[in-house]
Amino acid sequence: MLKNNDLYRFVVSRQFNGIKGLVFILFLFLITTSVGWPKEAIPVAEDPVIEKRMLALTMDLRCLVCQNESIADSRADFSNDIRREIREQIKANKTDQEIVQFLVDRYGDFVLYNPPIKPTTILLWFGPVILFIIGLGSLIVYLRRRRVQIEDVSLSQVQLERAEALLNENKKGKNV
Amino acid sequence: MMRYLIPLVAFIVLAAFLLVGLTLNPRQVPSPLIDKPAPIFQLNHLHEPDRLMASKDNLGKVWMLNVWASWCVACRDEHPLLVQLANSGIVPIYGLNYKDERTTALQWLKRYGDPYTISIVDSDGRVGIDYGVYGVPETYVIDKKGIIRHKQIGPVTVDSLQKTIIPLIIELQKQA
């Protein structure tokens with residue numbers, strides 16, 4: 001192996017120039033960086049089928065520690081444990097519903113990103129629709145009122161003549 | 001007049017909702033386990049690892065289950081209160097040492113005092129999942145029939161002890 005000093009001496013020596021030098025630098029890059037080349041990520045669980053089902057399930061589950069993340073996305077310890085639990089339950093041939101029910105029994109509907117429609121969740125489910133209807137309603141009322149307000153009011157003959165006179169006056173003023 | 005009144009009322013309603021929202025704590029997820037039987041467990045003691053404690057051993061008395069860990073900073077805040085409560089003899093406190101290392105847990109108890117009648121070890125957090133634990137410390141009040149009556153998420157405070165937990169325990173102790 002070349003020591004750093006040797007390398008430096010070699011690089012600054014006159015042997016090292018032109019295309020040859022460039023190729024050498026590229027070669028150096030190649031051998032030094034190859035050590036750190038990324039490897040394929042090692043799958044956490046051995047069974048890809050279980051992993052796929054687990055991911056599909058946890059996508060719709062809320063991590064209670066970092067509440068805006070799904071359990072699938074979260075790196076919190078809590079989510080790790082839940083993922084482990086779900087993997088084990090899948091291995092034990094539990095259905096998806098059973099697994100979700102298991103978590104709801106312990107953590108409540110709050111773990112679900114798709115909570116069931118119940119008296120406590122009615123506002124959550126239909127609140128946006130209600131707000132939208134209110135918004136749409138007020139918009140319609142507003143537009144109707146405005147249409148009445150901006151309806152053309154025909155001018156009387158006298159008013160027309162006056163307007164024309166004013167406009168002409170303006171023009172004259174500018175010409176002067 | 002109505003022109004100004006309607007937006008004003010809408011604003012006040014919105015502001016009221018937001019104001020209430022500010023006082024709510026999204027981390028306090030109501031537990032579905034309240035008034036349900038406490039999940040059963042059988043776990044090793046922390047001090048004497050070859051001894052087991054089962055949840056059914058506590059049937060017939062009101063007890064508190066405090067989930068703690070030596071890595072949990074907030075546990076240190078509530079700890080003096082727990083020591084005080086244990087010394088008062090009002091209620092036995094059982095400690096669930098959650099996802100911790102035995103030696104550090106023992107050191108921690110030596111340093112900050114040991115309020116627990118028995119500390120049991122949940123090293124991989126499975127019992128924690130059964131109890132819906134997601135943020136240590138958590139404290140459960142369990143009645144004579146083994147029903148969970150209260151869950152405190154986060155550290156117990158003087159306020160929560162005086163206003164909720166101790167009155168509840170005294171009430172529960174009166175029941176047959």
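In what follows, chains carry the letters A, B, and so on, assigned in the order in which the sequence lines appear, proteins first and then strands, with residues in each chain numbered from 1. These numbers come from a predicted model, not from an experiment. Reckoned from all heavy atoms, side chains included, excluding hydrogens, waters and symmetry mates.
Test B/Val133, B/Ile153, B/Val29 against A/Leu64 for side-chain contact (heavy atoms from CB on, under 4.5 Å) and you get one pass: B/Val29.
More than 12 heavy atoms of other shown residues, nucleotides or ligands fall within 6.0 angstrom of atom CG in A/Leu124. Under a cut-off of 6.0 angstrom, the local environment of CG in B/Leu24 is crowded, with over 12 non-hydrogen atoms contributed by other residues, nucleotides or ligands.
Cluster annotation: B/Val156 and B/Val67 are assigned to distinct hydrophobic clusters (Ile/Leu/Val/Met/Phe/Trp/Tyr, side-chain heavy-atom contacts under 4.5 Å, transitive). No continuous path of hydrophobic side-chain contacts links B/Leu65 to B/Leu172 [ILVMFWY only; heavy atoms under 4.5 Å]. At a threshold of 4.5 Å between side-chain heavy atoms, the hydrophobic network of Ile, Leu, Val, Met, Phe, Trp and Tyr places B/Ile170 and B/Met64 in one connected group. No single ILVMFWY cluster, assembled from side-chain heavy atoms under 4.5 Å apart, contains both A/Ile134 and B/Ile6. The hydrophobic clustering, which links ILVMFWY residues whose side-chain heavy atoms are closer than 4.5 Å, places B/Leu33 and A/Phe110 apart.
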Please list every donor-acceptor pair closer than 3.5 Å that links chain A with chain B, giving the two atom names and the distance for each.
from     : atom 1 : to       : atom 2 : distance (Å)
A/Val65  : O      : B/Arg27  : NH1    : 2.9
A/Gln67  : NE2    : B/Pro26  : O      : 2.9
A/Asp77  : OD2    : B/Lys99  : NZ     : 3.2
A/Asp81  : OD1    : B/Lys99  : NZ     : 2.7
A/Asp81  : OD2    : B/Lys99  : NZ     : 2.4
A/Arg84  : NH1    : B/Asp124 : O      : 3.2
A/Arg84  : NH2    : B/Asp124 : O      : 3.0
A/Glu88  : OE1    : B/Arg126 : NH1    : 2.7
A/Glu88  : OE2    : B/Arg126 : NH1    : 3.3
A/Glu88  : OE2    : B/Arg126 : NH2    : 3.1
A/Arg106 : NE     : B/Asp130 : OD1    : 2.9
A/Arg106 : NH2    : B/Asp130 : OD1    : 3.1
A/Tyr107 : OH     : B/Val133 : O      : 3.0

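Contact record, A/Gly108 with B/Pro32: N-CG, 3.2 Å, taken as the closest heavy-atom pair.
Of the two parts of A/Val104, only the backbone, made up of N, CA, C and O, holds a non-hydrogen atom closer than 4.5 Å to a non-hydrogen atom of chain B.
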